[in-house]
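Shown next, in C-alpha cells, is the structure this report addresses.
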Amino acid sequence: MSLHTEQSAVTVLGLGPMGRALAGAFLDAGLRTTVWNRTPGRDQELVARGAISARSAEEAAAASRLTVVCVVNYDAADTILRREAVTDALKGRAVVNLTADTPDRARDAAAWAAEHGVRYLDGAIMTPTPTIGTPAAVFIHSGPKDLYDEHQSVLEALGGTHTHLGEEIGRAAAYDIALLDIFWTSMAGYAHALAVARAEGITARELAPFAKGIGDILPPIFEGLAEEVDHGTFSGEGNPLTSAASSMTHIVHTSEAHGIDASVMRGAEGMARRAIGLGHGTDGFMRVTELLGRR
Ligand code: NDP
C-alpha cells in the first residue's frame, strides 16, 4: 500500500444517520473509506458509492490509520472498541470518537486507549446530518494536539469548521453538553410556550414569526453576558431579577390556569426567587449561574 493511500484512508464504525453522513462526506472527498455497522445492510448505499464494506469491526479497524467512531453512546462505542480483536487491530492507530456522551466517559475511554496503545481523540458534532460535507458543519475536538494535527486534513474532508479545544480529552464533550443544554432547555421552553399559546387559541404558525424575534434577541445577549459571567459581575441594569421573576410568575400562573405543567418555568422562577432571597434582587438573571452549584 502506498503512503498516499494509507494517509487518505479512513474507517467509519457506526452507520446510523450520522455515521452514514460522515462516511458519505469522506467518499465525496475521494478518501478510501471502509465502513462497518453492528446491523449489516446499512452500508448498501455507501458501497454503491465506493465504500469498502468490512466483515467485522476488527477488519474495518485494520484497514486505515484513522478510525472514526459514531454510535449512539459510549456504552455502544465501548462494546465495539473494547472487544479484544478490535483493540488489537487498533493498536498504534488513531481513533476519533465522534459519539456524544459525557466528559467523564471520554476521559475513561482515553485511559483505556492509553492502556492499550490506541491513539485517541474525542470529538463532537454540533450540527445535524444534512450539514455534513458542507460549510455549515461544526465539529469540535479535544485530545493530543500532535495527533489532531496528524489527522486534521482527513477530518476536514467532513467539511465545515473544525476546532481543537485543547489537550484535555473531556473538553469537547464538556462543550457539547453545555451547548446541548442550551438547545434542549430552549426546545422545552418552546414546547411549553406552544402549549400555553394553544390553550389561549394561538396556533404555532401564528406564533412562529414572533418566536423567531425572541430567538434573534439571544445571540447578542449570549455575547454580551459572557464577560459579565466570567468576571462575576451581574448587572441588572434594564432588567433586574425582581422584574424577571415577576414576568416568570405571570407565565406560571397563565400556564397553571390552563392545567398545563409549568415545571420548566417554575424551575427558572425558583432560581430567580432564590437569588432575590439572597439579596441579589437588583442583579441581572445571570446571577443564578453563581448560585446553581450551591446547596
Ligand atoms: P444513533 O444515535 O441512533 O446511533 C445509531 C448507531 O449506533 C447505529 O450505527 C447503531 O447500530 C449503533 N449502535 C447502537 N447501539 C449499539 C451497540 N450496543 N453496539 C454497537 N452499535 C450500536 O444515530 P446517529 O447516527 O444519528 O447518531 C450517532 C451519534 O452522533 C450520536 O452520539 C449522536 O448524538 C451524534 N449526533 C447526531 C446528530 C444527528 O443529527 N443525527 C447530530 C449531532 C450529533 P445498529 O444500526 O446496529 O443499531
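Note that these values count all heavy atoms, side chains included, but never hydrogens, waters or copies made by symmetry. For ligands, and for the atoms within them, numbers begin at 1 and follow the listed sequence.
Using a 4.5 Å heavy-atom cutoff, the side chains of Leu46 and Leu15 are in contact. Put simply, the side chain of Tyr148 reaches to within 4.5 Å of the side chain of His162, judged on heavy atoms. Two residues are said to be in side-chain contact when any heavy atoms from C-beta on lie closer than 4.5 Å; His164 and Gln152 fail this criterion.
Side-chain contact of Ser142 with Glu168: a donor-acceptor pair under 3.5 Å is absent, judged by distance alone. Between the side chains of Thr129 and Arg20, no donor-acceptor pair of N or O atoms lies under 3.5 Å.
Protein residues with a heavy atom under 4.0 Å from ligand 1 are Gly14, Leu15, Gly16, Pro17, Met18, Gly19, Asn37, Arg38, Thr39, Arg42, Cys70, Val71, Val72, Ala76, Ile80, Thr99, Ala100, Ile125, Thr127, Pro128, Thr129.
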Solution key, residues 97-106 side-chain donor-acceptor pairs under 3.5 Å, sequence neighbours excluded:
from	atom 1	to	atom 2	distance (Å)
Asn97	OD1	Thr99	N	3.1
Asn97	OD1	Thr99	OG1	2.8
Asn97	ND2	Tyr74	OH	3.4
Asn97	ND2	Tyr120	OH	3.2
Thr99	OG1	Val71	N	3.0
Asp101	OD2	Tyr74	N	2.9
Thr102	OG1	Arg105	N	3.2
Asp104	OD1	Arg107	NH1	2.8
Arg105	NH1	Asp75	OD1	3.0
Arg105	NH2	Asp75	OD1	2.9
Arg105	NH2	Asp78	OD2	3.1

